[in-house]
Amino acid sequence: MRTVWLIACCWISCIVWASAQGGGARQPRPLPANLPETNPYSSAADLAIGRKLFIGRCGQCHGQNGEGGRGAVLNTGRFRYGGSDRELFVTIRNGIANTEMPGAFNLPEIEIWRMVGFVQQLGRQGATEQSSGDAAAGADVYQKNACSTCHTIGGQGGFLGPDLTDVGAKRALRYIRESIVDPSADISLDYRPVEVIDRTGKSVTGVHLNEDEYSIHLRDLSGNLRSFMKTDLKEIKLPRQSLMPAYASLPAGDLENLVAYLGMLRPDRKESPSQARPDMELWTFDRLENIGGHKTTVLGHPRVIDSPVGKAVEFNGIEDALFIDSHPLAGAETFTWEAIFRPDGGEREQRWFHLSELDPETGADTDNRMLFEIRVVGDKWFLDSYNQSGAANKALMNRAALHPLGAWYHVASVYDGKEFSNYVDGVREGAADLHLAPHRQGHASVGVRINKAFYFKGAVHLARFTRRALSPSEFLKRSSP
Amino acid sequence: MKHGLIIAAVIAIGGAPQPPAANGLPVTYERLLKATAEPGNWLMYSGDYRGHHYSSLAQITADNVHRLRARWIYQMHRQKVETTPIVVDGVMYVTRPPSDVIALDAETGRALWTYEHKVAARVYTCCGEVNRGLSILGTTLFLTTLDAQLVALDARAGRVLWKKELADAALNYTATGAPLAVKDKVIVGIAGAEGGIRGFLDAYDAKTGQRAWRFWTVPSPGEPGSETWKGDSWKYGGASTWLTGSYDPELNLLYWGTGNPGPDYNGDVRPGDNLYSCSLLALDPDTGTLKWHFQFTPHDTRDWDATQVPVLLDSTIDGRARKLVVMPSRNGFYYALDRQTGEFLFAKPFVKQTWAREIDKRGRPVLNPDQEPTSEGNESIWPGVDGGHNWMSPSYNPNTRLLYFSAREERRRFFKTDAPEFQPGEAFFGGGGGGGARFRPEESWGKLIAMTPETGEIKWEHRILAPPWAGVLSTAGNLVFCATPSGNFYALDARTGKELWRFNGGDRVFASPITFLSRGKQMITIPIGDVLIAFGLD
């Protein structure tokens with residue numbers, strides 16, 4: 001028994017940076033108040049330090065000169081999550097959800113800015129990463145070699161190997177080339193091979209999914225999910241060889257064509273707007289004219305204020321509102337909608353955040369909508385979260401969950417494909433089973449309902465839209481004022 | 001009625017009963033001195049002043065532990081619950097991140113009152129918004145907060161009696177540890193050595209909140225030890241005091257560990273030993289006077305704080321009776337010192353370590369070459385940045401005479417950047433130490449060690465999958481309790497290490513188990529993930 005577990009220890013994969021008082025979950029802090037648009041630390045000396053920081057922290061995946069590798073290429077000047085100083089700051093600081101890119105939550109702002117400066121410098125190389133191959137011919141190579149038995153592109157294919165839908169954006173061409181010729185050189189963390197051998201000598205091979213002291217779990221080569229108790233096993237092997245065969249003997253022309261084909265797989269080249277969207281969108285309410293990169297229309301006189309949680313936009317409850325040219329959850333089959341806000345009282349019913357679908361033909365609002373509302377009761381308030389798509393709709397309202405006015409709160413609406421739930425400060429307040437079809441494109445209003453009724457008195461600091469159901473531990477952290 | 005049961009139980013176990021007031025209050029200093037005589041209660045962070053984290057309760061034994069079942073769960077809805085509760089006569093006082101306190105009915109897990117501390121807007125923490133627990137004296141609970149305050153609460157209602165700012169949270173001073181009540185004072189540590197603080201240990205009058213003394217863990221120019229710093233580096237030299245220390249009433253000495261010097265990974269700006277970082281301090285609790293110090297890792301550049309629980313025990317080494325203080329250090333060596341004089345007795349590695357050839361006769365490491373953080377990253381260093389051991393509680397069991405503690409075997413990558421400029425309120429690392437490379441199973445695992453403390457000999461060890469963050473509880477029931485990062489809470493035979501029981505709590509564990517009596521029956525609690533779970537025999 002012990003021998004089994006001496007062999008089968010878990011693989012440590014997380015990238016943990018600084019850890020004086022212990023590792024574990026790293027929590028994103030709210031973005032700094034007054035986060036500038038342009039890098040305030042971009043002198044030659046700053047860039048020199050930024051280079052060292054980059055080499056220590058980023059170079060292993062992105063290449064010491066931004067040439068890419070396991071991580072995205074950074075020397076072309078094209079940045080998938082935005083190339084402005086501010087956007088790069090946010091990407092470095094918060095990481096990218098559902099990728100191996102970690103956030104640098106606990107780094108000083110100055111060090112992040114210095115890295116931003118160096119990354120911009122890398123981008124100015126303007127390198128073009130081009131394969132000499134023919135992408136169309138590469139698609140045939142992909143087909144001929146039955147790559148789709150194990151890999152998926154755009155929802156088509158098998159799942160024994162990594163999804164390649166956006167591999168061109170995530171990996172450098174040379175890394176893709178190496179992965180074809182020598183797949184064992186660097187195995188994706190989620191696709192590590194494992195072989196278990198039971199007491200009768202029977203062996204099962206597959207992808208390592210989970211493991212603890214007593215059990216181990218894998219997806220076998222036929223795609224079955226398998227679970228084994230370690231007491232039933234004679235041996236567990238964690239081979240250094242990838243499950244993928246090495247295509248070292250692929251003719252050079254075919255290889256280059258295949259690399260060219262995989263390299264062009266980037267979601268932002270796809271036509272469907274919903275697929276082109278990033279998984280997460282952050283709106284900071286630190287200005288009026290532009291929220292989350294979208295143009296706004298200002299009603300009344302909302303104003304940008306400094307608050308204990310950072311910049312926020314304050315609404316007077318009478319005529320102030322912002323209309324934003326985006327429905328950030330359009331097309332989302334599952335989602336988490338979070339906001340950090342401060343209700344200040346006023347009218348009993350207030351609809352302060354509204355995402356509304358627009359009819360593509362008429363341009364008019366349909367009934368499909370998502371709302372954050374509040375009800376004011378004396379010096380307290382409670383949350384009302386509403387969701388509608390077609391005939392399905394639900395209002396989650398917990399009248400007993402009263403909170404004092406005038407304080408900052410984190411609220412969330414979460415939909416996991418089956419259940420719609422809402423939270424205040426990470427505490428679940430309501431839930432209901434619901435089938436919600438994704439919304440089409442639309443727009444948003446903050447401070448009022450989309451039809452300019454039920455104005456909101458209070459302030460909004462942040463909103464985040466994630467295209468999956470987050471657990472409370474993944475929620476935005478509200479700095480407590 | 002409940003009190004009656006508790007008294008009966010205490011008498012049955014042989015301790016001297018104390019006449020309880022309502023809910024077993026007040027908890028006098030005399031009771032804290034004899035905390036082990038009240039095994040039904042858990043009166044301070046380590047269970048007693050000696051840092052033993054041991055219980056003489058023996059209802060749950062190696063023979064019946066297979067009947068242990070979850071009895072209740074208290075939901076915290078918070079990340080990284082690192083707290084160790086206090087239990088007084090059926091009431092459990094427990095903290096919740098970031099700096100809240102809840103009084104729970106220990107029998108049912110139902111909340112009796114809640115105190116929510118509003119943390120200041122701007123708080124920098126290196127490692128999560130955690131809190132590790134409380135101390136109690138009289139009828140008052142003492143809480144340190146993330147925004148570096150000491151709060152005194154009435155234990156009966158959770159009302160604030162007084163608040164005291166320890167230091168300026170905007171300058172990255174923060175507090176995460178449980179205070180220690182000694183006589184009429186509350187001893188309080190500080191955290192923030194990743195943020196350019198100058199560390200200290202404070203004592204406050206328990207009644208008034210007046211500060212009685214402060215010991216700066218980084219001396220100012222002219223003071224002894226100041227020669228171990230250069231220029232202004234002492235001003236933000238770190239050496240925090242973020243974990244609870246131990247106390248010897250006979251010697252009247254307080255033992256408290258200190259953290260890393262700052263900046264963590266680039267030592268070029270602070271040439272010298274950097275006293276009193278990564279050290280154990282022995283202080284007079286009445287005056288804060290330093291009696292002796294011992295530095296485990298001079299001029300640390302790998303974030304190896306010496307903020308582990310100092311364990312006090314009396315034994316014989318080389319035929320000579322000794323009052324010992326022992327500590328498995330984050331640097332991978334186990335140390336035994338004479339706690340009267342600070343004399344170094346011996347050190348022995350308990351995990352794989354690559355940085356020191358040996359610890360010499362004076363207790364100073366003889367360094368191996370090429371074990372410093374480098375610009376491009378040095379991947380050859382064992383143990384990792386989180387150390388061979390860390391803040392999770394060890395346990396000393398007087399029956400088996402073994403010291404039990406969690407150990408972390410791992411190789412990690414350490415790098416340094418240019419020496420950072422100090423900026424008030426900003427983090428101050430000068431590099432990093434972490435993953436980066438994808439380490440194989442044989443480069444990262446965990447274990448629970450049972451050690452003969454007089455020799456450092458490992459009697460047995462229990463291997464687990466990954467380096468743990470859970471502390472250890474040992475009991476007179478011949479049991480050792482600990483937990484794994486995969487969420488398994490488990491019990492071993494304290495004599496042999498044989499596994500007897502386990503429970504999958506479903507999330508990582510960053511805490512230490514404790515035990516107590518509820519209505520006369522022994523229970524065990526441990527935070528797993530974001531919940532606190534209580535177990536009892538079915």
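As a basis for the values below, the full set of heavy atoms in this structure was taken, side chains included, without hydrogen atoms, waters or symmetry mates.
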Spell out, as yes or no, whether a donor-acceptor pair under 3.5 Å connects the side chain of Arg413(B) to the backbone of Gly56(A).
yes

Pick from Gly259(B), Ala193(B), Ser486(B) with the largest number of heavy-atom pairs that fall under 4.5 Å of chain A
Ser486(B)

Rounded to the nearest 0.5 Å, what separation is found between the CZ atom of Phe475(A) and the CD atom of Gln79(B)?
11.0 Å

Can you give me the closest heavy-atom contact between Ala427(B) and Pro108(A), atom names plus distance?
O-CG, 3.3 Å

Side chain, backbone, both or neither: which part of Gln75(B) has a heavy atom under 4.5 Å from chain A?
neither

Chain B heavy atoms under 4.5 Å from Arg114(A): which part of the residue, side chain, backbone, both or neither?
side chain

What distance separates Asp530(B) CG from Ser471(A) OG, expressed to the nearest 0.5 Å?
8.5 Å

Look at the side chain of Arg57(A) and the backbone N and O of Gly431(B), then say whether any donor-acceptor pair between them is shorter than 3.5 Å.
yes

Ile110(A) CD1 to Glu426(B) CD distance, which is reported to the nearest 0.5 Å:
7.0 Å

Distance, nearest 0.5 Å, that separates CD of Glu116(B) from CG of Asp425(A):
8.5 Å

Look up atom OH in Tyr490(B) and atom CD in Glu213(A), then write down how far apart they are to the nearest 0.5 Å.
8.0 Å

Kindly indicate, with the supporting measurements, whether the criterion side-chain contact (heavy atoms from CB on, under 4.5 Å) is fulfilled by Lys52(A) and Phe415(B).
CA-CA 10 Å; Lys52(A) 288 211 168 187; Phe415(B) 75 94; over 6 Å; no

Could you state the interatomic distance from OG1 (Thr417(B)) to CZ (Phe54(A)), rounded to the nearest 0.5 Å?
15.0 Å

With a 4.5 angstrom heavy-atom cut-off, is it the side chain or the backbone of Gln64(A) that approaches chain B, or both, or neither?
neither

Are more than 12 heavy atoms from other residues, nucleotides or ligands located less than 6.0 Å from atom CZ of Arg78(B)?
yes

With a 4.5 angstrom heavy-atom cut-off, could you sort out which part of Asn488(B) is near chain A: side chain, backbone, both or neither?
side chain

Between Arg240(A) and Arg440(B), is the side-chain contact (heavy atoms from CB on, under 4.5 Å) condition met? List the steps.
CA-CA 9 Å; Arg240(A) 290 174 188 268; Arg440(B) 294 271 306 175; 3.5 Å; yes

For residues Leu238(A) and Pro441(B), determine if any side-chain heavy atom of one lies less than 4.5 Å from a side-chain heavy atom of the other.
yes

